[in-house]
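Scope of the values below: all heavy atoms of this structure, side chains included, with no hydrogens, waters or symmetry mates.
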Amino acid sequence: MGVLASSSHRDEWAADPEALLLLTLEVGREEPRLFDEVLDWLLVNERLVSLQRLRNLAADESDRALMNSATEWLAQWRRKSSTRPSPKTDPDLEAAPLFLNEGLPVQRPDPAFLANGLLKSWMEPTRRSGHPDLAQPVNFAFRMRSLLGVGARAEVVRVLLTSDEPGMSLQAIAAASGFAKRNVQEAAASLRAAGTVTSWNLGNEQRFDLPREPWLHLLSLEQPPTYKSWPQLFRGLRVLLRWLRDPEIETLSEYMGASRSRTLLEQISEDFLAAGVSVEPLGVTGELYPLWFETWVRGLGESLAASR
């Protein structure tokens with residue numbers, strides 16, 4: 001996708017750039033080099049990223065702190081002038097270290113992160129990141145944006161073209177596209193007026209579909225990249241990751257730990273199920289539940305990788 005890193009892996013999924021960016025910023029709190037390289041990539045490839053969509057997909061205060069820090073850092077370095085005014089910092093805001101495994105003191109805090117309650121050392125970007133290879137399936141969203149612009153229209157086409165669901169509701173398209181239902185409705189209506197999207201009513205609900213053959217011919221593709229509910233899946237993963245990092249969990253009794261993990265699963269089950277990941281401990285009760293939960297968490301990465 002252009003981040004300065006070596007990888008031989010070529011994914012067949014069509015990535016969701018903003019959902020992936022939010023997850024990577026969270027994961028990057030344990031990998032400082034990854035975090036800094038992603039910021040550098042964002043600066044180089046800003047024209048392909050929807051900052052509005054990034055704001056829309058931020059689900060809680062933790063997401064918003066990271067998202068605001070990244071976008072304010074981007075605004076600092078986007079300016080041509082050598083004088084970069086610092087974002088306003090709330091004097092009553094208590095700052096916490098951005099990187100969780102780094103014990104070194106922050107000598108020169110980055111003002112963009114400090115303004116959002118996070119301590120990160122000031123870093124000058126290298127601008128050595130590359131641009132996404134638009135021929136790769138993983139960069140399909142960027143290809144659509146290069147064709148249709150960075151906005152709801154490109155996301156509606158991406159969702160309809162890659163989804164296997166025959167006829168999607170406006171609500172389903174909005175959830176996958178990361179835009180408000182009103183924006184999605186306007187984009188779908190303009191595409192329908194252009195004859196590139198079809199629609200019909202199912203009861204009181206309007207459904208939309210897209211004739212694939214003309215689009216595949218236009219894009220020189222035999223088949224579209226595979227769809228997955230990335231916004232929901234990555235939101236659930238961020239919540240799970242923060243829960244696992246909580247030091248209080250280690251101090252709980254087995255009973256209280258099991259109770260807290262059940263509450264967690266109730267919180268993230270809808271997001272995981274939307275992405276086809278089961279979180280139901282069928283038939284597992286009592287003293288067997290903690291072992292099931294630990295096994296489920298450890299196997300989660302393998303099950304996601306196997307579904308690619």
Side-chain angles (χ1 to χ4, degrees), residues 1-28 31 33-54 57 70 74 125-165 173 176-179 191 196 210-235 237 275-277 301-308:
M1 298 181 77
V3 172
L4 187 64
S6 59
S7 174
S8 59
H9 182 72
R10 293 292 179 267
D11 212 325
E12 295 302 315
W13 293 111
D16 183 310
E18 288 73 31
L20 181 57
L21 185 58
L22 280 172
L23 178 65
T24 307
L25 291 174
E26 183 61 52
V27 172
E31 296 288 345
R33 181 175 176 270
L34 171 65
F35 197 100
D36 287 343
E37 291 295 350
V38 167
L39 288 180
D40 191 79
W41 178 92
L42 184 60
L43 183 60
V44 172
N45 293 286
E46 181 190 1
R47 68 178 183 83
L48 289 172
V49 176
S50 171
L51 298 184
Q52 179 59 56
R53 191 167 183 268
L54 190 63
L57 292 179
L74 179 63
T126 64
R127 291 181 169 85
R128 292 194 298 165
S129 294
H131 298 291
D133 179 356
L134 300 187
Q136 294 296 329
V138 72
N139 294 318
F140 187 70
F142 295 136
R143 191 176 182 192
M144 289 294 95
R145 294 173 187 185
S146 296
L147 179 66
L148 299 170
V150 180
R153 191 174 303 182
E155 299 310 307
V156 169
V157 172
R158 174 183 65 84
V159 171
L160 290 177
L161 189 57
T162 58
S163 175
D164 289 330
E165 185 178 341
I173 299 172
S177 69
F179 282 100
L191 289 164
T196 56
L210 179 147
R212 285 190 173 186
E213 289 305 317
W215 281 96
L216 294 178
H217 180 73
L218 173 66
L219 299 169
S220 300
L221 295 174
E222 293 184 4
Q223 59 183 16
T226 309
Y227 174 85
K228 204 167 186 70
S229 301
W230 297 120
Q232 293 86 348
L233 175 60
F234 288 170
R235 182 170 57 212
L237 285 174
V277 179
E302 293 179 6
S303 63
L304 291 174
S307 67
R308 285 197 286 203

Salt bridge present between Arg235 and Asp16 (N-O < 4.0 angstrom):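 No, no charged N to carboxylate O under 4.0 Å.
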
Can you name the nearest heavy-atom pair linking [X] to [Y], along with the distance?
X	Y	answer
Thr162	Arg212	C-NH2, 3.9 Å
Leu148	Trp215	CD1-CH2, 4.3 Å
Leu191	Val157	CD1-CG2, 3.7 Å
Leu57	Ala19	CD1-N, 3.7 Å
Gly149	Ala154	O-CB, 3.3 Å
Ala176	Pro231	O-CG, 3.9 Å

Any residue meeting side chain to side chain donor-acceptor pair (under 3.5 Å) with [X], in chain and number order, not counting sequence neighbours:
X	value
Glu46	Arg78
Glu37	none
Asp40	Thr126, Ser129

As an exercise, state the distance from [atom1] of [X] to [atom2] of [Y], rounded to the nearest 0.5 Å.
X	Y	atom1	atom2	answer
Leu218	Leu147	CG	CG	6.0 Å
Leu134	Ser146	CG	OG	5.0 Å
Leu216	Leu161	CG	CG	5.5 Å
Leu21	Leu42	CG	CG	6.0 Å
Phe142	Gln136	CZ	CD	13.0 Å

With a 4.5 Å heavy-atom cut-off, do [X] and [Y] have their side chains touching?
X	Y	result
Val44	His131	yes
Met1	Asp133	no
Leu160	Ile173	yes
Thr24	Leu22	no

Set of residues satisfying ring pair (Phe, Tyr, Trp, His ring centres under 6.0 Å) with respect to Phe234, sequence neighbours excluded: Trp230

Contacts of type ring pair (Phe, Tyr, Trp, His ring centres under 6.0 Å), residue Tyr227, not counting sequence neighbours: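 If we apply the ring pair (Phe, Tyr, Trp, His ring centres under 6.0 Å) test to Tyr227, skipping adjacent residues, there are no hits.
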
Please, which pairs that meet salt bridge (Lys or Arg N to Asp or Glu O under 4.0 Å) have at least one residue in residues 142-156, sequence neighbours excluded?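 Sorted result for residues 142-156: Glu18-Arg145, Arg53-Glu155, Arg145-Glu155, Glu155-Arg158.
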
Using the test side-chain contact (heavy atoms from CB on, under 4.5 Å), find all partners of [X] that sit at least two apart in sequence or belong to another chain.
X	value
Glu31	Leu34
Thr226	Trp13
Leu43	Trp73, Leu74, Trp77, Pro125, Arg127

Full working for side-chain contact (heavy atoms from CB on, under 4.5 Å) between Phe140 and Leu221: CA-CA 11 Å; Phe140 187 70; Leu221 295 174; 3.9 Å; yes

